[in-house]
Structures are given as C-alpha cells and as structure tokens.
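For reference, the structure is listed below as structure tokens.
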Amino acid sequence: MSSKRFRGAGVALALTFGLLAGCSAGEGVAVDGGQTGAGGILTAAISGEPDQLDPHHTSAYPSFQVLENVYDTLVEPDANLAMKPALATEWTTSDDQLTWTFTIREEVTFSDGSPLTAEDVVYSYNRIIDEELNAAYRFATVESVTAPDPGTVVVQLTAPTPNLLASLGGFKGMAIVKKSNVESGAAKTEPIGSGPFAVSSYRAGDSTKLVRNDNYWGTKPKLDGVTFTFVQDPTVALQNLRGGEVQWTDNLPPQQVSALRADDDLVVRSAASSDYWYLALNQARKPYDDVNVRRAIAFALDRAAITKAAKFGLATVNQTAIPKDSAYYYDYTPYQQDLAQAKKLLAEAGGTDLTMDLMVTNEYPETVTAAQVIAAQLKEIGITVKIRTLDFAQWLDEQGKGNFDSFMLGWLGNIDPDEFYYAQHHSAGTFNFHGYRNPAVDNLLDQARTETDQAARKQQYEQAAKQIVDDASYLYLYNPDVVQGWSPQVSGYEVRADRAIRFRDVDLAQ
Amino acid sequence: MTRFLLRRLLQSGIVLLGVTLVVFLLLQLVPGDPVRVALGTRFDPETYEALRSRAGLDQPLPVQYASYVGQALTGDLGVSFRSGRPVTAIVLERLPATLSLAITAVVFALLVAFPLGVLSALRSGSVFDHAARVFSQFGVSVPDFWMGIMGILLFAGVLGWFPPSGYVALTEDPVGWASHVFLPAVTIGLVTASILTRFIRSSVLEVLAEDYVRTAEAKGLPTRVVVVRHVLRNALIPVVTVVAVQLASLLGGVIVIEVLFAWPGVGRLTYDAVQARDYPVLQGAILLVAALFLLVNLLVDLLYARLDPRIRVR
Amino acid sequence: MSGNGDSTSRRALVALGRDPLAVTGGVVLVLLVVAGLAGSWLAPAGINEVNVDRMLQPPSWAHPFGTDEIGRDVLSRVLVAARVSLEVGAVSVGIALLVGVTLGLFAGYYQGWLDNILMRCMDVLFAFPVLLLAVAIVAVLGPGLRTAMVAIGVVYTPIFARVTRAGVLSVREQVFVRAAVATGASDLRIMRRHVLPNIAAPLIVQTSLSLAFAILSEAALSFLGLGVPPPEPAWGRMLYDGRGFVTEAWWLGFFPGAAIFLTVLAFNLVGDALRDVLDPRQLTVSEARRHAG
Amino acid sequence: MTDETVLSVADLTVTIGTRRGAARAVAGVDWSVRAGQTLALVGESGSGKSMSVLAATGLAPRAARVTGDVRLLGTDLAALSAARRRRMRGRHVGFVFQDPMTSLNPVLTVGRQIGEASEVHLGLTRRAARARAIEMLELVGIPSAADRVDAYPHQLSGGMRQRAVIAMALVCEPDLLIADEPTTALDVTTQAQIVELVADLQRRLGTAVVWISHDLGVVAGLADTVAVMYGGRIVEQGAVDAVFAEPAHPYTAALLAARPDPDANVTELVTIPGTPPSPLELPEGCAFWPRCSVRGDSRCERELPPLVPVSAGHQVRTFYPRQPTGEDR
C-alpha cells in the first residue's frame, strides 16, 4: 500500500558511490580470492518479516530483502547504482527515444528448470500494468511491451523517458515472474524466480529459508543457502550475532554502533543512503500558508539535535533532499538554528500562541522520537506542538485527506532527482499532500524531467531545490546511513546505498 | 450426563455464535472504510471495488454476516489484506509456537504452584505460608512484560545463559527450543504460578475445613493418606478448572510476552495484524482464540464431570 | 438494613487498620494519589525537557532515575505518569462498574429471558482473553488514552455484571426484599434501596482488585504502543520506548516497571484485605482471568 | 462386659488461640467411660462438649492447646508420639459425626471409605477391606449391601449415609464409639432408628459409647451416665436416672424444662433466656449466672462454684443446688 512512496528506487544515474571510507579497505573481495569457500548456510537476522513473497504484490522492505536474492530484473544497479545488464544482455534505443529493444540473455531458466524467455518479461510487465500493481507508476510512459521473438523484448513509449532503465531495474518489485507460479497463487509463499537462490521454506513469524539455485545463469553462489530470521529487537539481533546464531544483520542498536565499529569480533559497515527525512507543513491551512511561519519554524529547528536523538548520529544533517554523495547534491544551508530570527518571522506573520498538530507514526519510531525533540524546540518560539501518533495506515489516510497541520516522514530509496522532487513539490505531484504551489518550481521540474543534457538537468534541479528550500515546502532534516554488521567469517559482502542485500557473492568461512 | 453435555454444547454454540457476531461487528466499527484504510495511499476506484467485493463488503450487513459464519464453518476465514494468503492457514501456522509456550508455562507454573499452594495450606499461618503468600501477591501484581525485560537483562544480558528472544521449533531442534522457551515460559509461568498458588491454597484450606477430612482423621489414617486421598482429591477438582482456564487464555497467545520475546505465536500475529490493520487476520485470530477458549472450557466441564461423581449423574 | 453499610464500613476500616499489608498498600496509594495530583509540581525537571547532550545517563544526584534516550529526566516522568495510570484505572473501572452493575442488577432482579440474554452477552465478552479483547477494541477505535479507557472498561464489565447478578440472586430471596415487594415499592426503588446496599461488599472488593488489573492492562496496552501516545508520560509507554536500550540503560526499564508493580501491588493488597474483611468467600473472577493474554 | 475404663479424662483444658485472644473452650473437665457403658455429654453448642472429646482423642484444631490427663485403655495418650496416638485412635475409637451429608468424602465410594481404616489398622488388603465393608453395611442394616458398597455418598439418603458412617466407625471393632450429635441432622423417624441401631450394636459388640447431644430426650433412653456442660465446664454429672429425676443445677433443670414435650403443643417451647457465653469472655464467677433464674447472691458473679456431690456419684457445680422436690420432672 505504500510501496510507491517507500520502496521505489528511482532512476539510475551515475551517483557517487556512497560507501564510507572504512568500507573500501579490504572489503568486497574475499581474502582467499576466487577459491571456492566452504559454502554453508548463512543466517541473516532482519528486523521485519516478509508479508508475502510475490514481488509484484508485496510492499514490505523485508520481503525485498529476501527477494533480492531470488528474482532478477532486466537490468540491475551495480555498486555505484549504475544500471548494468542482468536478464537483458544489451539494449538499443530508437532515435526518437520512444522505442527500446532489449536482448534477453540466452539459456536462462527459472529455479524449477523451466526456461525464461521474452514472453515471461512481457507477462510480468503487463501483469503490473494491467492489474495496476504497486509498481505500475514506473510504466507511466509505457505504451506497450511486446516480444517479437523469444530473445527480444520491445518497449514502446509515449514520451522520452531517460530513466527507463532505473525504472525497470531499480528494485525487485519489477522482477520477472513465472506465469504458472503466479496464477496458482503459489508465488505468495513459494515464489519461483531466476535469481541466485530459491525459496525452500517460508514460515510466517519465524524464518524464510533459501537454497542455492543451481540453475542460476550467473556465477554460482558459494553459499549453500541463506536463512532469514526475523529479530525485531536490535539488542537481540546483536546478541545473536555475537553468539554466532546469525552471521549477518541490518538491525544493530543504533546507540551502540560507534562502539561496535571498534569491536574486532564484528564487522560493522555503513553507507550513506539516499533516504531523507523531513517535516512538512500543511500549506492549505492557516497560518502555514504563510511562508514566514514556515521559515520561522525552519529557523527554530536544531537539526543536529534532532538527528542525534532520532538516529544517534547515524545520519547526516541536510537541508536539501539529495545526499552529499549524490552527483545531484546541492550544497545549500540557509537555516541555522536562530531563535531570534524565528521569533521575528513569526511575529511578522502575526502568529502568537500557535498550537501545531504534528502527525507521526509508530511504523517509523524515529518520527516519534524526533517529534518530541521538535516539540521541545518549537516550544522555544512559543509554538505548542501536539504530537499525534498513528498507525501507518491511519497516518496515510489522514495524510491523504489533508487532516494535519504538519507531519514528519521519510522518503526511502530515491535515486533520481525527479523522484526526490516531482511528486512532492510539483503542484500536480501525487504526493504533494501539503499543498505546495509554485509555478516556477512546476516549470523547472517539468523541464528537467525530459532534459537529456546532464549539466542542464542538474542546474534546473538546483534552481528548483533552492526555491523549494526557500519556500520551506519541506523542512529537510537528515539523510540516514545504512548500517549493517556481520561476522568476520563472512566475506564478499558489501553494504549498498540502495539497501539491497545481495548474498550471491558471499562466502562463509567455517 | 448426556443432557448435561447437550446443554453445555448448546450453550457453547450460542456463545460462539455471539463471538462471531462480535468479531464480525468489530470490522464494522472501524472508523472509515477498512478497505480504504487497507489500500492506504494507493487508492484507485477499481482496486477498491475489487477488494471490496472480494471481501464481500458490497453486500448488505446481514448477508455479509451469514456468509461470514457460513464460510467460517467450512474453515474459511477469508484472506489477509496484507499478504493475500488464507487467514486460516496463517493462524494455524502460529498455533504450534503458542501451544508449546503455553503448555511449558503451565507445566512450570504447576510445578511451582502445586507444592507451594498445598504446603502453605497445610501449614497455614506458618512462616512458609507467609512466604508463599508474599510470593503469590508479588506474582499477581508484577507486570509480566516488566519481569520479562528484567529477565532478559539478567539471564540474557548479565549472565548470558539464555537467548534473549527468538524461536526455534521444537520439532527441529529440541535443545534450541528449550533454551529459547525458558525465559518467556518462566515469565508467564511465574505469574500463572502465583495465581494458581493462591487458588490451590484456598481450595485446600476450604477442603481441610470439611467434615469428611475430620472423619478421615478420626479414622486414624496416616496424614499422607488423608492429604492425598481425602484433601487433594477434592481440592484439586476446582483447581483443574482454573488451570484449564489459564491454559486456554495462554493459548490465546500472551500478546505482550510473545511480542517481547519475538515468539511467533498467535499473540504476536494479533499484534502484527493490529499494526498492519490486517482486519481479516485480526478477526480470524480472535475468533480462533475465542473458539479455543470455549472448547477448553467445555472440555473442562466434561473433565469435571469425570472427576466429581456428584455431577456425573446429573 | 440501612445501618448495615455504616457499620460494615467502620468494621472494614478497623480491620484494615490492623492489617500491616493493607496499611502499607494504603500508604502507597496515598503517595500515588499525591503524585497523581501534584506530580508535575513535585517533578524535579520538566517532563518534556529534551536534551540530546544528556542522553541515556545513569542515575545520579541530578537525575536520580537517570535520563532517557532523548535526555529527559526519568524520575520526573515516572512521577507525572502516576496521574495517567490512576486516571485510566479509575475511568475504565468506573465504566465497567456502571455498566456491569446495571446489567447485573437487571439480569438478577428480573431473571427470565432478560437475564438470559444479558448474561449470554457477558459470556461472549468473557470468551476472549482480556488483553486480546482490549487490543482488538483499540485496533478498531484507534490507539489513544480514551480508547484505552473504553477498551479496558468493556473488558472488565462482565466481571461486575456477574458479581452483581450473583449478589442480587441471593439478596432477592431474602425476607426484607420480599417484604418491600409486598408493600408495593417500585422495582427501581427496591433495587436502589434494598438490593444495592446489600451487595456493596463484593462490589467494593471487586472494584479495588479491578483497579489493579485495569492499571496493569493500561500498562500492557501502552507497552504495545497502543495506549497513551507520546509525549505524555505513561509507565507502560516508557517501557515501550526504552525497550531497545534496556541492556545498556537498565534504569529505563526498571523504574517505570517498578512503579507499575508497586501501584498494582498496593491495589491488590488493599483489595485482598478488603475481601478478607467484607466478603471472605468471594471468588475473585478477575484473579482467575488475570492473565492478560 | 467388664468394668474396664475405656477412656478417661482428667483436668482436661483446651485453649484456642484466636486473633482476638485466647479462648478457653474447655476448663478442667473430668469424665470417664467404661466398656459397654454410655456416657452422654449434654450442653448447648459452644459449651465445650464436643471439644473435650475431640481434644481427648487428638482431633482438636491445630490452634488448640490441650492439657490434662487422657487415658485410652489405660495408655496415657499425651505420652505417645503423634503417629502412635493416631494409630491408637483409629484402632480403638470410632467416630460418628453430626452431619452425614458432609462427613463423607463425596468423591470416594462409601465402601472405600468404610474399608480404608481396616486396611490401615487391621492390615486388610483392599479386596478384603471391601468384603469387610459389605459386612459392615449389612451389620448396620443397609439392604443390598453388595451393591451399595460401590455407591457414592450422594447416591444415598441421609439415614443410609449415617448408617454408613456408623459402619465406618465400627469397622475396626473399636472399644469406644464417639457419637457427636449423630441424629441432629436427621428426621425424627430416622433419628429413632439410628439410636436404636447404636444401642443394638453396643449390646452386641460391647462397645463403650460417648454420646454428645444437646437433646436430653435422646440421652434419657440411651445413656448410663450424663455430664452436663456449660461454658467449658461440667456443671452437673451423675447417673442418668438421678440427674434426670432430680436435676440439681438450675441449668440442667432449665434444659429439661426446655425439652419439647411430645404431648404438649409444639409452639409453646420453653426456652432459656439469653445466650451462652463466648469462650473469649467467660465471666469470673459462675458462667451461667447471667441467665440463671436463681441468682442466689453476688458470690455467684465473682466466685466459681466448686463441683460438689449431691448424692452418690451425682455432682453439681453451684452454690444453690435445687432441692430434690421432683416437681420439675
């Protein structure tokens, strides 16, 4: 239900690769080189539980953590998030940019041994389009998908779409599925993909087990299998990691991470993610329609404190959406905490004794924590914040209806600047729930969308970003880190900025 | 006996029907449209209508209820909003975890409560009795989740004897299961034990005051015989009910403990369903739990009849 | 029988005064009420004074109960949270008492089909484990202080209905009630003047014990994140928020939990002592069902 | 029949600790019963009559403190270990309690309850004990005993149950039968039958009987000697004929007068005004003084009257023994 907003990876552009310095030394390649290791089964503790394993239906991040290792897409992001061949070996684009022709890899089979052909690609894409599944918006400009022969897929577009590859390969919600597996309903629990591993058992509430797919088209995985267990409590996950019950987790207690980095018994690595968290004020309501009120609030916030409370420092403060490591990063920081300035702006706007409703959700506890800090900070300029904590579904409902003064949430997995700005700040944007309207910004975003010249595009987005920040459409707070830890036995694993968890190259020393 | 049985069956049937009504109405009480809520932001009229009619929500209420009950009778509790899988399967998957936890907890509770309750009654007024009463008063008052947290701190954190949470199926790895079940089972078990201790104590005390116990003593029977044959046999009849009721409510899943210890049972399922607003699953879990509860109560009544000859003939 | 209530309460008070446990419970309750009424006044620091520079500090002179994950003073929050617990307990038990006693009175007094219908309804509510039902109700109505009160109230209603009905059934057959009926007094008058005062004892006992369980239920709901929303301090909620930090910050889990424990213990001690005095043979239904589930 | 004393009690005192202080339930009581003889202990409830017997046989509640000299078949019970005392009691003393409805264990068959004492004390096997139970049921006049032996108590009528209880008491052929108001809970016809049964069994088995009752009418036709108790003390005792013919204590006289007269109108029951004293608050002087119709002088209020002989074997505890006029009876 929320996949569009939370799991949608965006356009693949040559983003600066976001691994922190610590990772680059000696990580990535097994010390013993190409030697086939002992194999074995790696147990990974993930914080949530897959709701189901049909890649087109699920919206849960834990499902994608599992499915990342089970399914393939036509193309997929490499370590630098640039798109590289996967099921498609190569592709060509017509001169008018409206026809894309993909060559499908030969002799690819599903894990049950049946062949994967262009027909399966057509079936998968049409399923998403026709049934309007979660990822349907990614095909917004797609007119048709056809397979003139078993080795070729043709995608016909209605408008030039420079980020089509990212749309097709950005995440496993675009996976190529097997028709019979889907239609029997088995895909929910026993999905059949063409990826490096296959699901051998799925036990709700407990674990999901994968075994090596010996029919895999790429380099055979070294591991015999991967078991995903669900451990909600990070201290427990850490304990399990130390105790050897699991060898990998992405659920470390944030407050302990800096100490853990120095721990020789564990490997803890992080990468800056492309996620961002923000505060939005409802511009359809008074007095938040007044830019001065919004700017007053922006000046009242101490982002460093919010970040420290919400993420224990495992995040980078940012006043624009796009993280520092991105090629599209725009260094613009007009709002340093300045209570005098904030009070002055508020007074000019005539706002005194303001009571502001702030909507947050248990689904993302950091919003609840951050809200309490924000409330304390806004109290300083005379704004009383009433925190409203809702279920996520209810939260979305309220957001959709515009029933809020303000809310805090994050956008996860965006890569392309279009994904960062268009839906949120264009007056016709689907997620412009806070009612931001600025024709200049609309114009810039529309232009940038189809601009093929990279430099020009970057400049357009910077102009838009500046305006958005000046208007305080969103009050950007921080970009969190992706933090994962594993046992020193594990080799060949890399933390990825897009949060995809790939075990295909991993080996486990016994 | 047969009449007694039939009457109890009929009664349970009526109550169960009432339970289905409550469970069914829960969904109607959801402010706004549950399907709308389930869809979240991904709202479009077609999906909405499809999901609505798949859930049968476009029918008039009585028809919906009738078909809900009808389907429930055939074991069909609908499909999960979240995963699209059948609710019955989802709920039944969780039963073994809950079952193994509940039974372990009750066994543990009995091991503690039985000697404690009986001895404190036999020696009522003694130091031992006072200690047992303090124990049970503490056990009844302590929040189980707090005790669980403190248990994790001590046994998992400081001492490192047991894993702080998680689950291993008994059938797969009995030793792993045992080490995982220990903390949650003891946490629940201690609370249950204190309830049982009180109950056993007062039940034994009550029987001790009965004339037939004096008769038995007057016969010069050894104390052991008096206690076992005359006191306990009578005192434990009501205790059986309480134990069964405890077990039944544990089968409903001890939500907080299952959540705290990441135990994938029915309680956790309920909690997750609430979090995800997955109403069909919530409905199904509650219905199953209530049905189990009624079933256990029915069985207890039958067992009661076996134990107490006075009821047998009625 | 009107003198009955008076002498009963005096007798009860005297007997309670002799019971050291009941006195202890009573003292704790008085302290709690004081904390509830004047908590924010007694608190050494503001309950929402966030300070990220003093996060997760262990107990010290400045912060006797330590600080929480965003640097708030735990002692202050524990003190102020007493009000929420007492409020939820009182309101929810009030609801259960009002509705349950009314239903039980009518069921027991009129008997027949009304009794049957009402008590079967109560059986239905009784068929759910306590916390499960509360969680379901909260799930439907949406989390929050008010829904928590309603949910807990609904859950404890059948207990009061049963206790009341059982009392009414025995009182109804007594001579003075029949005499009142014979004099042509109205049913409502008989219920109010003759029946109610004579079933007060079990109800008082049940109320006191239910308060304990209601507070425990609220804590459990809050612990699941379904009760009192932040930033308002509530003991269960503090445990919920502190859950991720217990291994390195034991004080986050210890103090709020101890506060719940003491409160519940106090109500139980007083309730038990009351039962010993007023109604020694009463089977506490709630006790057998305490397992919140 | 011999002259052997089966049970004798001398200076028996029972003090029960309660929350509100010590209650003296029995204060310096002496009595004895010989083989084949029947001693009746008479008094209102709370007078200490049951307590004195229970205490003597080691069945007093745990909170009770018992002093005095108790000899069963010449053995000093106080000198025995608890276990030996228990064995003595079970082997040589049988008990029949007031309410047959509650003195049988509801979850055991009557046969088992009758037989179990013989298993313990006579070393019978379970099977032999069952046969013995059938025998006993026949002895106490229960028809088709072989079937009833497997009945549960609730399947028997009140009278039958009391017969079963008697069978239970006599299963080891005890030297002494203690009957604690065994007919109170029964209807009049059954009462007579039970009294008759006990008398008959006593004749046949030569058992000594201590019969505790508040009903002088029952006692009259049954007992050899009678002891009237009030406020934990014996106020009058002697041969049953002597005491009945010439009650010397105002209380005895009042009890006799309060006896329902089968010939008189039942509604005109004569009662003794007032209530018996609480064992917690016994008066300093004569315990009966507050209710006494005689109330000779203030000495009665302050000073405990001694037990003085009126005639041979007939003693009374009062400063003002009634003159033997024979008028009252």
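Chain letters run A, B, ... following the sequence lines, proteins first and then strands; every chain starts at 1.
- Across every non-hydrogen atom of B/P143 and C/G257, the tightest pair is CG-O, 4.2 Å.
- Screening residues 12-21 of chain B for side-chain hydrogen bond (donor to acceptor under 3.5 Å, both in side chains) gives B/T20-B/Y65 as the qualifying pairs, with residues at least two apart or on separate chains.
- In the displayed structure, C/R146 atom CZ is contacted under 6.0 Å by at most 12 heavy atoms of other residues, nucleotides or ligands.
- Contacts of C/A258 with chain B are made by both backbone and side-chain atoms, with heavy-atom separations under 4.5 Å.
- Your options are B/Q137, B/M150, B/M147, and the one with the most heavy-atom pairs under 4.5 Å with chain C is B/Q137.
- Partner of B/F145 under the side-chain contact (heavy atoms from CB on, under 4.5 Å) criterion, chosen from C/I260, C/L216, C/L224: C/I260.
- Between B/V259 and C/R243 there is a side-chain heavy-atom pair separated by less than 4.5 Å.
- Looking at C/A212, there are no atoms closer than 4.5 Å to chain B (heavy atoms on both sides), in backbone or side chain.
- C/F126 approaches B/F293 most closely through the heavy-atom pair O-CE2, 3.5 Å.
- Among C/T263, C/L269, C/I215, C/L265, the single residue meeting the side-chain contact (heavy atoms from CB on, under 4.5 Å) criterion with B/S141 is C/L265.
- Of all heavy-atom pairs between B/V19 and C/V124, the closest is N-CG1, 3.7 Å.
- Proximity to chain C (any heavy atom under 4.5 Å) is restricted, for B/V22, to the side chain, taken from C-beta onward.
- When side chains are defined from C-beta on, B/V140 counts as touching C/F213, because their heavy atoms get closer than 4.5 Å.
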Which donor-acceptor pairs under 3.5 Å do the side chains of residues 283-291 of chain B make with protein atoms, sequence neighbours left out?
unit_1: B/Q283; atom_1: NE2; unit_2: B/V23; atom_2: O; d: 3.3

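- Between the CZ atom in B/R198 and the CG atom in C/D272 there is a gap of 4.0 Å [rounded to 0.5 Å].
- Neither the backbone nor the side chain of C/F267 comes within contact range of chain B, judged by heavy atoms closer than 4.5 Å.
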